[in-house]
Participant: 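One structure follows; several queries about it will come next.
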Amino acid sequence: MNKVLMHVCCAPCFITVYEDINENGMLIDGKREKVELTAYWYNPNIHPKVEYEKRKESFIKYCQDNGIKNVINDCYDLEGFTRDVVEQVGKDKKYNVRCKYCYYRRLEETFRYASENGYDIVSTTLTRSPFQNHDLINEVAQKLAEKYNVKYVYSDYRHTYYEGQKKAREKGLYMQKYCGCVFSFDSGKWNY
Ligand code: SF4
């Protein structure tokens with residue numbers, strides 16, 4: 001059975017992804033397969049600290065309530081993340097460049113952990129959201145898959161977005177109002 005390391009950006013995005021994989025298996029190369037799933041928390045993009053803690057605690061609660069194996073890579077990196085974004089993006093805060101760095105940073109750590117701990121596949125709940133740039137995520141993840149020699153599986157769960165939001169509210173999980181970084185908070189939009 002394939003061992004899958006699922007990068008989880010937040011609990012609300014994880015619900016429908018987890019439920020589908022748990023009930024029906026994971027869609028890999030057009031076929032459903034039962035897999036051994038581990039949820040992986042690594043999101044140093046989330047600021048400020050109080051927001052980071054709320055989302056992390058919500059992830060932990062959801063995993064505990066559902067008996068989901070998980071790993072917490074507890075990194076809150078306001079200075080490092082914003083410095084790197086400002087240096088690479090500049091004052092215009094172009095979202096596609098900023099988000100590419102953000103995807104790369106989160107997914108590289110996920111692939112590194114997967115490669116060092118015997119996982120066969122990496123995937124991410126970022127692609128549950130219709131507000132994220134799927135082409136960019138896939139481009140970054142595919143490069144990392146080659147670098148770390150771990151397969152990447154694109155989990156497109158956009159069709160479950162509103163169902164997932166409804167379930168998260170019913171379960172009393174924390175619902176964030178912006179994508180995560182200070183720039184997304186500042187812009188008043190989801191990820192621009
Ligand atoms: S808008 Fe979202 S994906 Fe883009 S850099 Fe900020 S936290 Fe990352």
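When reading the values below, keep in mind they use all heavy atoms of this one structure, side chains included, and skip hydrogens, waters and symmetry mates. Order of appearance sets the numbers: ligands from 1, and atoms from 1 within every ligand.
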Participant: Centres of the Tyr161 and Phe131 rings: under 6.0 Å?
Facilitator: yes
Participant: Quick check on contacts: which atoms of ligand 1 are under 4.0 angstrom from a heavy atom of Asn45?
Facilitator: 7 (S)
Participant: Any salt bridge (charged side-chain N to carboxylate O under 4.0 Å, His left out) involving residues 32-48? Give me the pairs, sequence neighbours left out, ordered by first then second residue.
Facilitator: Asp20-Arg32
Participant: Which pair of heavy atoms, one from His47 and one from Phe81, lies closest together, and at what distance?
Facilitator: CE1-CD2, 3.6 Å
Participant: What part of Arg106, side chain, backbone, both or neither, has a heavy atom within less than 4.0 angstrom of ligand 1?
Facilitator: side chain
Participant: Any non-hydrogen atom of Tyr101 lying under 4.0 Å from ligand 1?
Facilitator: no
Participant: Looking at Tyr103, which atoms of ligand 1 are within less than 4.0 Å of one of its heavy atoms?
Facilitator: 3 (S)
Participant: Would you call Lys61 and Glu57 a salt bridge, using N to O less than 4.0 angstrom?
Facilitator: no
Participant: Going through the distances and angles, do Asn70 and Ile72 end up as a side chain to side chain contact (heavy atoms under 4.5 Å, CB included)?
Facilitator: CA-CA 7 Å; Asn70 65 88; Ile72 308 283; 3.9 Å; yes
Participant: For ligand 1, which atoms, with element, lie under 4.0 Å from some heavy atom of Cys179?
Facilitator: 1 (S), 2 (Fe), 3 (S), 7 (S)
Participant: Identify, with sequence neighbours excluded, every residue that meets side chain to side chain contact (heavy atoms under 4.5 Å, CB included) alongside Thr16.
Facilitator: Arg128, Thr160, Glu163
Participant: Going by the closest heavy atom to atom 3 (S) of ligand 1, which one wins out of Ser184, Gly180, Ser129, Cys99?
Facilitator: Cys99
Participant: Show which atoms of ligand 1 fall inside a sub-4.0 Å distance from at least one heavy-atom site of Gln132.
Facilitator: 3 (S)
Participant: Quick check on contacts: which atoms of ligand 1 are under 4.0 angstrom from a heavy atom of Cys181?
Facilitator: 1 (S), 5 (S), 6 (Fe), 7 (S)
Participant: With rounding to the nearest 0.5 angstrom, report the CD to SG distance, Gln132 to Cys13.
Facilitator: 7.5 Å
Participant: Quick check: does Cys102 put an N/O/S atom under 2.8 Å from atom 8 (Fe) of ligand 1?
Facilitator: yes
